[in-house]
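In what follows, every heavy atom counts, from backbone to side chain, and hydrogens, waters and symmetry copies are set aside. Since we're looking at a predicted model, the values are computed, not measured. Here is how names work: the chains are called A, B, and so on, in the same order as the sequence lines, proteins then strands, and each is numbered from 1.
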Amino acid sequence: MFLTYLERELRRRSKQALVIAVGLGIGIGLVVTVSSASAGVKDAQTKVLHSLYGVGTDATVTQAPSASGFGPQQFGFGGPRPTPGGSFSSTHIRRVPDLVPLRQSRVSQIARLDDVNAATGSLSLTETSVSGTLPDFASGGAPVGAQASGGSGGFHVNVSSTSLVGVEPSSTGVGPLSPGNITKGHYFTTPDQNAHVAIVTTSYASQHNLKVGSTLSLNGTAFQIIGLASIPSSTTDVYLPLNQAQSLAGMSKQVTTIYVSVNSAANVAHVQSEIQKLLPKATVTTTANLAKEVTGSLASATQLVTDLGKWLAVTVLLVAFLIAALFMLTTVSRRVREFGTLKAIGWRTRRIVEQVVGEGLVQGLAGAVLGAILGIVGTEAVSAFAPTLTATVGPSFATSGASAFRTAGGFGGGFANRFANGASRPAGFAARFNNLSHTVLVHLGTSLQGGTLGIAIGLALLGGLLAGAVGSWRAARMRPAEALRQVG
Amino acid sequence: MQDAARLHATREAPMYRLREVSKQFVAHGRTISALNHVSMDIFPGEFLAVQGPTGQGKTTLLTLLGALDRPDTGEVLYQGRDLSKLSDEALTELRARDIGFVFQTFNLIATLNAQENVEAALVPLDIDARDREERASEALAAMGLSSRAQHLPMELSGGQQQRVAIARAIVKEPQVLLADEPTGNLDEETRAEILDVLMALWRERGITLVIVTHDSSVARQASRVVTIRNGMVFAKHDLTARS
Ligand SMILES: Nc1ncnc2c1ncn2[C@@H]1O[C@H](COP(=O)(O)OP(=O)(O)OP(=O)(O)O)[C@@H](O)[C@H]1O
Ligand SMILES: [Mg+2]
């Protein structure tokens, strides 16, 4: 009787039931599409962040220099003081100055924390070469404070820097470089930690005419190139086994960045605070922090999806709920005689409420099915028609970041290579973007999650239930004596 | 020939005993006294016709007898139980088991066919589906409507609809059958047909029958007729149609 009655009633007002179901369906479809797009955008962001940041990395640990402890670093010319008119050349390998070294033992300490999958340390170094000719003051005057670029009177300065990163050969799942990045040659093997080997990025290789098997001289040591790596947004030029990097810089058992992989995204915040306890002075940066630094159309898409899309979906869903509830209310109000009669012949109010709620639920179910279909179609459509997005780590960031160095002229103290302190930014991140702004192209692939579908179907049922509840609230309040009133 | 009402009065307790029953309605700021201090008894097996001009309280009286509503003051005793003191659940239970209702406008559920409309009366009784079907078929057969069991109300004539409604009222074998102008929406011929059906039920099943009617032919068949004016009940006849 329950089903027969329900089916007949919905059939009688099939148009209205259809409107309710379609309304709920559109609302649900939008919710599914928007959350799929949102998940897609998040995936894209994660992809971007990982490519910018390191494979499988959920957090990095770095320590910025304290304001007093680390002023601008000076480097002088090694070797004999050059004479006016003469040429000079100097090469130094130093750690990236805005990263305070951490003890390597911290890496294993962090790796032992709960919920941490793996941790690895890396050492970021910069090889800076300065070469040029000094002007002859006797003939050319004294251009005190001459800019490095402006060479009056034969004053030429070439400053070039190569970014070096030491990585642990045994850590392949987390860190700035992974076997997946290797396009030619091979990744470091564990015995490589004691070998003079290097992996260079493809862009650095093409700039310097290097290939697998070539050698690269770093501070006078020849390193054999065993692989080429492609990391779209990386600013690193050369990767070395950590041991080798440490000995080049004279920084044994020290690292500048610790990459941490956490077992679940939900635990990242918890791990972050655990690391913070272990290293109170360190900066622990998670991908969530970094997402804020990304600009470009990916960021706009994120904004669009999270702001406009969410509001649109919520609004449509609410309107659908409202329509469903109002329709149900009018329908039930028109059935005063019917429900009054049922009460008069002994139907319990609860039984009538069940009937009305059942009607609402079936409409909700129809809305859910329709919404799921629309959602899947919408998701596919976004996937198919979405443009390729760009993600940019903004130039404002790069210039205020790590190595927008200024070269000041001056003879007494030599050249001062002043690094702007990126303390206000995640230092490890800054260190990786020390030249220019970086743009990565990403395709926005939506990702439909089962959970989302489940929630959406639940929402549609909730809408139906709500409509049923509103209707049955009205039905329950009807007096059975209404059945005997002539009009109605 | 015996006076049925008096017979019951001497042998049995009344089925209904109304004492000083009043019922008021407030509509648009005006208070309407639909029933004024009504006291009367209705005996088991009686056929009571309630007459009176429109708007005088006939339907109101029927809603109180049918446990659809409670009086404002006074008592409505049904088989010794005061309906004004029973809970909603108890009243619902009473309607489900003891009372059959027939309406002027038939009040069939438009989406359900004749068979299902009759079955609807058995829904509150928790009878299994097969039993329900069987009993509903029997009730329809008794009304001569077996061939129309699958018809929707709109596919039936007024007289047929009312017979379905009567089948729905009697399928649970109630103690009392209450009918509010059951012939009011029917033509002359069909009226007689429906009246015959009701008379037959009363005679054959010993059911207590209360019919509100303007129809003098109905009143003529009744064992007792009362008239309602201004919410007050006056005895009119005291005769029996039962032989
Ligand atoms: N729910 C209600 N709200 C307001 N007034 C009501 C209500 N029910 C009945 N009344 C009023 O009570 C009075 C008696 O109504 P009732 O329906 O009992 O009359 P009736 O004798 O059945 O009339 P009719 O022959 O037209 O059916 C009328 O004046 C009616 O307007
Ligand atoms: Mg009436």
Side-chain angles (χ1 to χ4, degrees), chain A residues 1-18 327-328 330-360 362-363 471-473 475-488, chain B residues 23 25 54 58-60 62-64 66-70 88-89 91-113 115-127 129 132-133 136 152 165 168-169 171-172 174 178-181 184-185 212:
Chain A
M1 182 56 79
F2 176 79
L3 290 177
T4 313
Y5 188 17
L6 193 146
E7 184 209 318
R8 300 281 176 75
E9 171 57 26
L10 289 179
R11 229 182 244 188
R12 181 184 68 79
R13 51 182 173 93
S14 54
K15 276 196 193 122
Q16 194 215 58
L18 198 69
F327 267 155
M328 207 63 183
T330 47
T331 305
V332 168
S333 299
R334 280 205 210 104
R335 291 159 81 191
V336 170
R337 163 86 59 89
E338 181 179 334
F339 292 140
T341 302
L342 289 173
K343 287 186 181 183
I345 66 171
W347 279 40
R348 289 173 199 96
T349 298
R350 213 189 70 205
R351 181 66 182 72
I352 293 170
V353 165
E354 279 168 15
Q355 203 71 41
V356 175
V357 169
E359 289 168 15
V362 169
Q363 292 174 46
S472 53
W473 166 79
R477 285 184 19 188
M478 282 170 193
R479 297 165 48 245
E482 305 280 0
L484 287 148
R485 301 256 73 92
Q486 305 289 300
V487 282
Chain B
K23 180 79 186 169
F25 294 103
T54 185
K58 303 184 296 293
T59 297
T60 306
L62 217 55
T63 60
L64 297 184
L68 294 173
D69 213 342
R70 297 188 184 86
D88 283 352
E89 288 73 37
L91 292 181
T92 303
E93 181 76 13
L94 200 68
R95 292 198 297 271
R97 295 191 184 280
D98 283 28
I99 295 161
F101 251 106
V102 177
F103 309 89
Q104 179 174 353
T105 47
F106 322 136
N107 292 19
L108 297 177
I109 309 302
T111 50
L112 299 180
N113 65 30
Q115 168 81 22
E116 290 153 357
N117 262 287
V118 177
E119 283 187 36
L122 300 176
V123 164
L125 299 183
D126 296 320
I127 302 169
R132 204 165 64 197
E133 219 180 297
L152 290 174
R168 175 177 68 183
V171 69
K172 59 190 166 194
L178 304 173
D180 195 359
E181 314 228 24
N185 277 19
V212 166

| task | Using atom types as modelled and distance alone, determine if a side-chain donor or acceptor of A/Lys343 lies under 3.5 Å from a backbone N or O of B/Thr92. | result |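 No, the answer is negative, given that no donor and acceptor are paired below the 3.5 Å cut-off.
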| field | B/Gly66 backbone acceptor or donor facing B/Arg95 side chain under 3.5 Å | value |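 No, because the side chain of B/Arg95 does not come within donor-acceptor range (under 3.5 Å) of the backbone of B/Gly66.
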| field | Most chain A-contacting option - heavy-atom pairs closer than 4.5 Å, from B/Asn107, B/Thr63, B/Leu94, B/Leu62 | value |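 Looking at each option in turn, the highest pair count goes to B/Asn107.
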Under 4.5 Å from any heavy atom of chain A - which part of [X]:
| X | answer |
| --- | --- |
| B/Asp69 | side chain |
| B/Arg132 | side chain |
| B/Ile109 | side chain |
| B/Glu93 | side chain |
| B/Asn113 | both |

| request: Write out, in numerical order, the residues from residues 3-13 of chain A with a heavy atom short of 4.5 Å from a heavy atom in chain B. | output: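 Result: A/Thr4, A/Tyr5, A/Arg8, A/Glu9, A/Arg12.
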| query | Where do A/Met478 and A/Val332 land on the side-chain contact (heavy atoms from CB on, under 4.5 Å) test, with the steps shown first? | reply | CA-CA 10 Å; A/Met478 282 170 193; A/Val332 168; 3.9 Å; yes
| said: Looking only at heavy atoms and a cut-off of under 4.5 Å, which of A/Gly340, A/Ala481, A/Ala344 has the most pairs with chain B? | reply: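 Top option by heavy-atom pairs under 4.5 Å: A/Ala344.
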| query | Just checking, any donor-acceptor pair under 3.5 angstrom between side chains of B/Gln104 and B/Asn185? | reply |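 Yes, side-chain donor-acceptor contact under 3.5 Å.
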| task | Let me see the working for B/Phe101 and B/Leu178 under side-chain contact (heavy atoms from CB on, under 4.5 Å), right down to the final yes or no. | result | CA-CA 5 Å; B/Phe101 251 106; B/Leu178 304 173; 3.9 Å; yes
| Can you say whether A/Arg479 sits under 4.5 Å from chain B via the side chain, the backbone, both, or neither, judging by heavy atoms? |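 For A/Arg479, the contact with chain B is made by the side chain alone.
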| Can you name the side chain to side chain contact (heavy atoms under 4.5 Å, CB included) partners of B/Arg70, sequence neighbours left out? |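 Expected list: B/Asp88, B/Leu91.
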| task | Would you name the heavy atoms of B/Ala67 and B/Ile99 that are closest together and state the gap between them? | result |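 What the structure gives for the nearest pair is CB-CD1, 4.2 Å.
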| request: Measure across B/Ala136 and B/Gln115 and return the closest heavy-atom pair with its distance rounded to 0.1 Å. | output: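 The answer is CB-NE2, 3.6 Å.
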